[in-house]
Amino acid sequence: MKLILSLLLAVLIFLLALAIGAQNDQLVQVNYLIAQSELRLSSLMAVMFVGGVVVCLLFCIFWFIGFRWRDRRKAKLVNSQRDS
């Protein structure tokens with residue numbers, strides 16, 4: 001249930017960002033390390049939001065995998081001590 005509410009909140013924030021960005025049709029200059037480009041402000045906002053979500057999801061997935069590995073190692077240790 002929490003996952004559904006969290007996803008719904010993220011979608012609503014994304015839609016709100018798109019609605020606000022649609023009103024800002026200005027071109028902004030984005031300087032990368034190597035190059036630069038001009039993007040619409042709404043596109044830049046959407047790309048940055050999606051990029052943030054992807055980075056957070058990757059962080060959570062790696063944290064969860066590490067947690068599961070530690071949990072399995074501890075379970076094996078407990079089972080081996082119980083058998084002895």
Side-chain angles (χ1 to χ4, degrees):
M1 187 66 177
K2 286 183 182 180
L3 178 65
I4 294 172
L5 289 176
S6 298
L7 288 175
L8 184 62
L9 181 65
V11 168
L12 287 175
I13 290 173
F14 181 69
L15 291 175
L16 181 65
L18 284 178
I20 292 171
Q23 299 298 323
N24 295 323
D25 207 18
Q26 297 175 345
L27 288 177
V28 291
Q29 187 175 23
V30 181
N31 293 320
Y32 305 110
L33 291 175
I34 298 173
Q36 65 183 9
S37 65
E38 288 191 6
L39 299 170
R40 289 187 320 164
L41 187 57
S42 58
S43 301
L44 182 62
M45 288 172 57
V47 167
M48 291 296 121
F49 181 78
V50 170
V53 168
V54 168
V55 167
C56 288
L57 284 175
L58 288 175
F59 178 75
C60 288
I61 288 170
F62 286 133
W63 177 81
F64 186 72
I65 289 172
F67 176 76
R68 295 279 298 201
W69 283 346
R70 284 189 302 265
D71 189 41
R72 286 183 183 176
R73 278 188 300 201
K74 289 179 182 179
K76 286 180 183 180
L77 180 64
V78 167
N79 287 337
S80 68
Q81 289 178 350
R82 191 180 318 160
D83 293 338
S84 298

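Every heavy atom of this structure was used, including side-chain atoms; hydrogens, water molecules and symmetry mates were not.
Both V54 and I13 belong to a single network of hydrophobic side chains, linked directly or stepwise wherever heavy atoms of I, L, V, M, F, W or Y lie under 4.5 Å apart.
Annotation: I4, atom CD1; neighbour count of heavy atoms from other residues, nucleotides and ligands within 6.0 Å does not exceed 12.
The CG atom of L9 sits 10.5 Å away from the CG atom of L16 when rounded to the nearest 0.5 Å. Between atom CG of residue L27 and atom CZ of residue R40 there is a gap of 8.5 Å, rounded to the nearest 0.5 Å. Note: K76 NZ to N79 CG = 10.0 Å, rounded to the nearest 0.5 Å.
L8 belongs to a hydrophobic cluster whose remaining members, ordered by chain and number, are L12; membership requires side-chain heavy atoms of ILVMFWY residues under 4.5 Å apart, directly or through intermediates. Applying the under-4.5 Å side-chain rule to Ile, Leu, Val, Met, Phe, Trp and Tyr, the cluster around V55 consists of that residue alone.
Screening residues 29-38 for side-chain hydrogen bond (donor to acceptor under 3.5 Å, both in side chains) gives Q29-Q36, Y32-S37 as the qualifying pairs, with residues at least two apart or on separate chains.
W63 has its ring centre no less than 6.0 Å from the ring centre of F59.
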(request) Could you check L44 against V28 for side chain to side chain contact (heavy atoms under 4.5 Å, CB included), going step by step and ending with a plain yes or no? (result) CA-CA 9 Å; L44 182 62; V28 291; 3.8 Å; yes
